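Given the structure is predicted, the values throughout are model-derived calculations rather than measurements.
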Amino acid sequence: MNILIADDEMSMRYDLKLAVERVASEDEHVFFFAKNYDTALEQIKNQKIDIAFLDINMPGKTGLELAKAVKEYDPDINIIMVTAYREYALDALRLYVSAYLLKPVDDNELREALNHLRKPIGAAQTSARTLNVKCFGNFEVYVGDKAVRFSRQKGKELLAYLVCLKGASATRGEICASLFEDSVDKNSVEHLKKAVQSLRKDLSEYQLEDVLEHSRNAYSINTALIQCDYYDYLERKPGAKDLYKGEFINQYSWAEVYIYHLENYR
């Protein structure tokens, strides 16, 4: 695989190269190097890069600015941010980078990051897109860097509810009790039907209708098509432990119960 290492310090570029070779020795690697924003972007445009390690603190434009430019040019490149400072973690992960590593880079954390890339190297893409979901703070949904437009707010809330179940199914009664604060009567079932229809239509506009799954009278989501900060946090992925700041899906009252579990999960 082709790897770009962008860092203004030559020693850091060399150390990271050696670290990658240690933890992924079974793969063949071709390394490219850059010491600033302009050189890194030139490499991105001239080479087929699979993974880009970007230092946040570089002279001129920052690594975060570079990450945005890389994603705009080629969203399939896996970006791993590398820095000596923790405070940039949230900004980096909002860009849906694959990982956030602190200097000096730990071999185990590097290995974990390479084993959980957002875009598997060389894997056949069954879907050209994934749904990027943000649960910490307000619930927001993106495809790439663009926010998903929902035709009905209850469709968006239904997706939030199912995301929290992490692939488990919910019956119509369970969904109605949470979203409509009602039993399964004729009105609530009709409201749910409209929410499902609108959500499926909204997802189909991004070729992601397979995210929503339906079996008998229950609904769930296909988590293989979703990238989610909540999932990353629960799986303790590198850099994800700083994501939770005490807020979780602020728009919906039913989500408050998850805050209790998150507080005890720290």
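Residues L159 and V141 have side chains in contact (heavy-atom distance under 4.5 Å, counting atoms from C-beta outward). With a 4.5 Å cut-off on side-chain heavy atoms, I175 and Y219 count as touching. Side-chain contact between V133 and Q227: absent, with no pair of heavy atoms (C-beta onward) separated by less than 4.5 Å. Using a 4.5 Å heavy-atom cutoff, the side chains of L208 and V148 are not in contact. In this structure, I80 and L117 have side chains that are in contact, with non-hydrogen atoms separated by less than 4.5 Å. At a threshold of 4.5 Å between non-hydrogen side-chain atoms, the residues K154 and L158 do not count as touching. Proximity of N222 to L212: side-chain heavy atoms (C-beta onward) are nowhere separated by under 4.5 Å. Put simply, the side chain of L262 reaches to within 4.5 Å of the side chain of Y233, judged on heavy atoms.
Note that CD of E72 is 9.5 Å distant from CG of L41, once rounded to the nearest 0.5 Å. Atom CG of D106 is separated from atom CD of E112 by 11.0 Å, given to the nearest 0.5 angstrom. Between atom CD1 of residue I44 and atom CD1 of residue I77 there is a gap of 3.5 Å, rounded to the nearest 0.5 Å. Between atom CG of residue L4 and atom CZ of residue F31 there is a gap of 11.0 Å, rounded to the nearest 0.5 Å. Here the straight-line distance linking atom NZ of K156 with atom CD of E140 works out to 4.0 Å at 0.5 Å rounding. The OG atom of S98 sits 11.5 Å away from the CE atom of M81 when rounded to the nearest 0.5 Å.
Cluster annotation: Y14 and L101 are assigned to distinct hydrophobic clusters (Ile/Leu/Val/Met/Phe/Trp/Tyr, side-chain heavy-atom contacts under 4.5 Å, transitive). Under the 4.5 Å side-chain heavy-atom criterion for grouping Ile, Leu, Val, Met, Phe, Trp and Tyr, Y100 is not connected to M12 through any hydrophobic cluster. A chain of hydrophobic side-chain contacts below 4.5 Å, direct or via other Ile, Leu, Val, Met, Phe, Trp or Tyr residues, connects F33 to V20.
Using a 4.0 Å cut-off between charged nitrogen and carboxylate oxygen, D55 and K35 do not count as a salt-bridge pair. The pair D76-R118 fails the salt-bridge criterion, with no side-chain N (NZ, NE, NH1 or NH2) lying under 4.0 Å from an Asp/Glu carboxylate O. Using a 4.0 Å cut-off between charged nitrogen and carboxylate oxygen, K237 and E235 count as a salt-bridge pair. A salt bridge is defined here as a Lys NZ or Arg NE, NH1 or NH2 lying under 4.0 Å from an Asp or Glu carboxylate O, and E205 with R200 fails to meet this definition. One finds a salt bridge joining R22 and D107 here, because a Lys/Arg side-chain nitrogen approaches an Asp/Glu carboxylate oxygen to under 4.0 Å. Checked for salt-bridge contact, D15 and K103 miss the test: no charged N lies under 4.0 Å from a carboxylate O.
For A67 against I79, the heavy-atom pair with the smallest separation is O-CD1, 3.6 Å. Looking at every heavy atom in both residues, T62 comes nearest to Y37 through O-CD1, 4.3 Å. Contact record, K166 with T223: C-CG2, 3.6 Å, taken as the closest heavy-atom pair. Shortest non-hydrogen contact noted between S220 and G167 is CB-O, 3.7 Å. The two atoms that bring D229 and C135 nearest to each other are OD1-N, 2.8 Å, heavy atoms only. The nearest pair of heavy atoms linking P59 to D8 is CD-CB, 3.5 Å.
Annotation: E42, atom CD; neighbour count of heavy atoms from other residues, nucleotides and ligands within 6.0 Å does not exceed 12. Residue K17 qualifies as enclosed at atom NZ: its count of foreign heavy atoms under 6.0 Å is above 12. The 12-atom threshold is not exceeded at NZ of K68, counting heavy atoms of other residues, nucleotides or ligands nearer than 6.0 Å. In K61, the NZ atom is not crowded: 12 or fewer heavy atoms of neighbouring residues, nucleotides or ligands sit closer than 6.0 Å.
A donor-acceptor contact shorter than 3.5 Å links the side chain of S198 to the backbone of A195. In this structure, the side chain of D50 engages the main chain of N2 through a donor-acceptor pair within 3.5 Å. Although no hydrogens or angles enter the test, the distance criterion places no donor-acceptor pair under 3.5 Å between the side chain of H116 and the main chain of R111. Side chain of R13 to main chain of I5: no donor-acceptor pair is present (N/O by atom type, distance under 3.5 Å, no hydrogens or angles). Looking only at distances, no side-chain donor or acceptor of Y252 sits under 3.5 Å from a matching main-chain atom of S178. Judged by distance alone, with hydrogens and angles left aside, the side-chain atoms of D202 form no donor-acceptor pair with the main-chain N or O of F150 at under 3.5 Å.
Under the 30°/60° scheme for interplanar angles, the aromatic rings of Y244 and F136 are found to be tilted.
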Please determine whether side-chain contact (heavy atoms from CB on, under 4.5 Å) holds for the pair V70 and D74, giving the CA-CA distance in whole Å, both sets of side-chain angles, and the decisive distance to 0.1 Å. CA-CA 6 Å; V70 170; D74 187 350; 5.7 Å; no
Could you please spell out the steps behind the side-chain contact (heavy atoms from CB on, under 4.5 Å) verdict for M58 and L66? CA-CA 10 Å; M58 291 188 293; L66 176 57; 3.8 Å; yes
Check the pair I49, F32 against side-chain contact (heavy atoms from CB on, under 4.5 Å), reporting the backbone distance first and the verdict last. CA-CA 9 Å; I49 301 298; F32 301 90; 3.7 Å; yes
Run the side-chain contact (heavy atoms from CB on, under 4.5 Å) check on V82 and L102 step by step: do they pass? CA-CA 6 Å; V82 184; L102 290 174; over 6 Å; no
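When F180, F139, Y258, W254 are each tested for a ring pair (Phe, Tyr, Trp, His ring centres under 6.0 Å) with Y161, only one passes: W254.
Side chain to side chain, T171 and N217 fail the donor-acceptor criterion of an N or O pair below 3.5 Å.
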